[in-house]
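Numbers here are sequence positions counted from 1.
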Amino acid sequence: MTINLFPTFTTPDKATLPLTVYYDHSCKLCRSEIENLAGRDEYAVLKMVDCSGSDFDTAAVPFDRATLMNCIHAQDVKGEWLKATDVFVVCYRAAQMQGIAKAFAIGKPLMERIYPFIVRNRYVLSRLGIHKIFNVLTHQATQRKAAQAVTSSQACKEGLCNMPAAKGGSI
């Protein structure tokens, strides 16, 4: 595998899924957001890679570990890169959270100013419990999915679901 020493960056509208996301797993805030996104990734198009461990190998990426630890990066299937706010736009779109993705896209000028502060202070923000917001969001999403599954299951029991019957008999 050849590593491009001069990576090509793209925009959220041109990024192609699947996406490999490099994040700081040692940070509770980062980890909570990534777990929230991964939990909503119904189509398995987000591959999350922890770059915080000492065993993380930078041989496959054109950045050193410090660069990846100081700004979230992602690589799309075409080999093009995204960083900072652009990563969040694509990830939230992939996680079917269009409202948040749109907020990041529209608010990009402001978010790009705030993001370095968050990165520099992410461990302090984690100690303050800010990461718990993502835990609540993840819990709420899980509850919604469970409620939808129960509703779908009940509809199928009543013969009202849209699922095709299995070959050789009913479901």
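In this structure, Ile34 CD1 and Cys27 SG are separated by 10.0 Å, a value rounded to the nearest 0.5 Å. Interatomic distance, Tyr115 OH to Cys71 SG, rounded to the nearest 0.5 Å: 4.5 Å. For the atom pair NZ of Lys83 and OG1 of Thr67, the computed distance is 9.0 Å after rounding to the nearest 0.5 Å. Taking OG1 of Thr16 as the reference point, atom CD of Gln75 lies at 12.0 Å (rounded to 0.5 Å). Distance check: Ile118 CD1 to Leu29 CG gives 7.5 Å after rounding to the nearest 0.5 Å. From Lys14, atom NZ reaches atom CD of Glu80 across 8.5 Å, with rounding to the nearest 0.5 Å.
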Distance-only check: which donor-acceptor pairs under 3.5 Å involve side-chain atoms of residues 98-112, not counting sequence neighbours?
unit_1: Gln98; atom_1: NE2; unit_2: Arg93; atom_2: O; d: 3.2
unit_1: Lys108; atom_1: NZ; unit_2: Asp86; atom_2: OD1; d: 3.0
unit_1: Lys108; atom_1: NZ; unit_2: Asp86; atom_2: OD2; d: 3.3
unit_1: Glu112; atom_1: OE2; unit_2: Thr85; atom_2: N; d: 3.3
unit_1: Glu112; atom_1: OE2; unit_2: Thr85; atom_2: OG1; d: 2.8

Working for side-chain contact (heavy atoms from CB on, under 4.5 Å), residues Glu35 and Leu37:
CA-CA 5 Å; Glu35 288 172 355; Leu37 289 164; over 6 Å; no
Working note: Asp24 + Tyr123, criterion side chain to side chain donor-acceptor pair (under 3.5 Å); need CA distance, chi angles, decisive distance, verdict.
CA-CA 11 Å; Asp24 178 5; Tyr123 297 108; 2.5 Å; yes
Between Ser52 and Asp50, does the side chain to side chain donor-acceptor pair (under 3.5 Å) criterion hold? Intermediate values first, please.
CA-CA 6 Å; Ser52 66; Asp50 171 21; 2.5 Å; yes
Take Asp76 and Trp81, measure what side-chain contact (heavy atoms from CB on, under 4.5 Å) needs, and give me the verdict at the end.
CA-CA 6 Å; Asp76 76 358; Trp81 289 89; over 6 Å; no
Starting from the C-alpha separation in whole Å, work towards a yes-or-no answer on side-chain contact (heavy atoms from CB on, under 4.5 Å) for Asn36 and Met97.
CA-CA 11 Å; Asn36 183 45; Met97 298 173 73; 4.0 Å; yes
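Checking Arg122, Met69, Arg31 one by one against Ser26, the side-chain contact (heavy atoms from CB on, under 4.5 Å) holds for a single residue, Met69.
Using a 4.5 Å heavy-atom threshold, the side chains of Val77 and Leu17 count as separate. Annotation: side chain of Tyr22 is in contact with side chain of Val61 (closest heavy-atom distance under 4.5 Å). Under the 4.5 Å side-chain criterion, counting only non-hydrogen atoms from C-beta, Leu82 is in contact with Pro12. Using a 4.5 Å heavy-atom cutoff, the side chains of Pro18 and Tyr43 are not in contact. Within the 4.5 Å cutoff, the side chain of Leu46 has heavy atoms near those of the Cys91 side chain. Residues Thr8 and Lys78 fail the side-chain proximity criterion, which asks for heavy atoms closer than 4.5 Å. When side chains are defined from C-beta on, Gln96 does not count as touching Arg40, because their heavy atoms never get closer than 4.5 Å. Contact annotation: the side chain of Val21 approaches that of Leu19 to within less than 4.5 Å [non-hydrogen atoms, C-beta and beyond].
When all heavy atoms of Asn70 and Val119 are compared, the closest pair comes out as O-CG1, 3.2 Å.
A donor-acceptor pair is defined here as one N or O able to donate and one able to accept, closer than 3.5 Å; such a pair exists between the side chain of Asn121 and the backbone of Phe117. Using modelled atom types, one side-chain atom of Asp41 and one backbone atom of Val45 make a donor-acceptor pair closer than 3.5 Å. The main-chain N or O of Cys51 is found under 3.5 Å from a side-chain atom of Arg65 such that the two form a donor-acceptor pair.
Aromatic ring pairs are classed by plane angle as parallel below 30°, tilted from 30° to 60° and perpendicular above 60°; the pair His25 and Tyr23 is perpendicular.
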